[in-house]
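Note that ligands are numbered from 1 as they come in the structure, with each ligand's atoms numbered from 1 the same way.
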Amino acid sequence: MLTEEQKQRYYEDGVLVLKGLIAPEKLQEYRDAYERMVEKVRAYPGREKYNARIIGAKSKNKIETKSAATVAQGNTEQEYWGADWLLHPDLYEPAFTDYLENEELISSLKSLLGSDIGIYGLKALWSPVNVNYDLAWHRDGKQEVYSTDGGIPPGWLQFNTALYREESFRVVKGSHRRPLTDEENAKYGTVEEVAGEEVCVLEAGEVLFMHQAVLHRGKAQAEMNGGSKRRAFHYILARTDFAVGRRRLEQFKGWYEELGLAGKLGPTAKPLFENFFAWEGRAFDDASYPYPEFKKEDY
Ligand SMILES: O=C(O)CCC(=O)C(=O)O
């Protein structure tokens, strides 16, 4: 559960770092599981199967004929840096949902979102080996939309969980509560330096809550250029009255059933999924799900 001071910090800054959420023995378990997942994504040539994220020179999802492992060895210019479908039965590891049994994490999310929450996305972001990671400035919603209600998260909240120390997330604190400045608008979608930008440093096991309207981007040197290893969970939880697309819902439900998670999850994680599936009948038609084309990864 968050203190009033922490809540205030989140409302004002649009980001909040939580320390000490993951016990050291869990951290190692999560790292091992994560690594197995990364290897599977790298071994699959293409982004479609796991909604993988690809970065590299002028590359629009082109890893089609070689695996990213080959790419890494051959020092070509494209690589995977994330995957969106950690619940896909080929990728899933119990560690990915074990983390959702963390009562401190879930009660902290409830402090901001309210008590009726469910899962919305289980994703992963990691450091490329050969390609620098340089994501452009953006808001997760529309460029012109900001919070007019004191920084309260509008429906859903995204958070990064660092399994190793990382310095990847850059943010302009407070930008979620105001229109972007002329400079920010001019540099939106670029990787240029922006006045007031700050790096959010996360130690292993720390968690970063973010507001969808805060101006942010990711940046890290490729591991082979001296960059450090990044392995982060990138999860989203949402309020149960927040609209969800039918196709997304059906996809999660199919995987949940295939994995038999109803009989495996514990008392904290299970309701998050059950709440999500209770959306059935109230979902909208997301005909273009997952995406008609990749967007942020084209930077
Ligand atoms: O590297 C990061 O944490 C930022 C990722 C991000 O901005 C995104 O996925 O939209």
Fill in: Any His234 heavy atom less than 4.0 Å to ligand 1
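Flag set, His234 near ligand 1.
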
Discussion item. Once ring-ring contact (aromatic ring centres under 6.0 Å, His included) is applied, do any residues pair with Tyr11, and if so which ones, sequence neighbours excluded?
Written reply: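 Once residues adjacent in sequence are excluded, Tyr11 has no partner under the ring-ring contact (aromatic ring centres under 6.0 Å, His included) criterion.
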
Which atoms of ligand 1 have any heavy atom of [X] under 4.0 Å away?
| X | answer |
| --- | --- |
| Tyr133 | 1 (O), 2 (C), 4 (C), 5 (C) |
| Phe169 | 2 (C), 3 (O), 4 (C) |
| Asp140 | 10 (O) |
| Leu125 | 1 (O), 2 (C), 3 (O), 5 (C) |
| Gly218 | 1 (O) |

Worksheet item: Given that the side chain starts at C-beta and the backbone is N, CA, C, O, which of these parts of Arg53 lies under 4.0 Å from ligand 1, counting heavy atoms, or is it both or neither?
Response: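 Side chain only; the backbone of Arg53 stays clear of ligand 1.
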
Worksheet item: Between the candidates Met210, Arg217, His216, Arg230, which shows the shortest non-hydrogen contact distance to atom 7 (O) of ligand 1?
Response: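 Nearest heavy atom to atom 7 (O) of ligand 1 lies in His216.
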
Item to complete: Would you check if Lys229 and Glu35 make a side-chain contact, meaning some heavy-atom pair closer than 4.5 Å?
Response: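 With C-beta onward as the side chain, the pair touches.
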
Using residues 144-151 as the side-chain source, report each donor-acceptor pair under 3.5 Å to any protein atom, sequence neighbours left out, with the distance given to one decimal.
from   : atom 1 : to     : atom 2 : distance (Å)
Ser147 : OG     : Asp149 : N      : 3.4
Ser147 : OG     : Asp149 : OD1    : 2.7
Ser147 : OG     : Gly151 : N      : 3.1

Item to complete: Could you tell me whether some N/O pair between Gln158 and ligand 1 is separated by less than 3.5 angstrom?
Response: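 In this structure, Gln158 places no N or O atom under 3.5 Å from an N or O of ligand 1.
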
Worksheet item: Would you say Asn160 has any N or O atom under 3.5 Å from an N or O of ligand 1, going by distance alone?
Response: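 It does: an N or O of Asn160 is found under 3.5 Å from an N or O of ligand 1.
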
Item to complete: Look at the aromatic rings of Tyr235 and Phe159 and report parallel, tilted or perpendicular, splitting at 30° and 60°.
Response: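 Perpendicular: the ring planes of Tyr235 and Phe159 meet at over 60°.
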
Discussion item. Pairing donors with acceptors under 3.5 angstrom, does anything connect the side chains of Asn275 and Asp116?
Written reply: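 No donor-acceptor contact under 3.5 Å links the two side chains.
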
Fill in: Carboxylate-amine/guanidinium proximity below 4.0 Å for Asp90 and Lys40
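Looking at Asp90 and Lys40, the cut-off is not met.
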
Discussion item. Check Glu39 with Arg36, please: is the shortest side-chain N to carboxylate O separation under 4.0 Å?
Written reply: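 No.
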
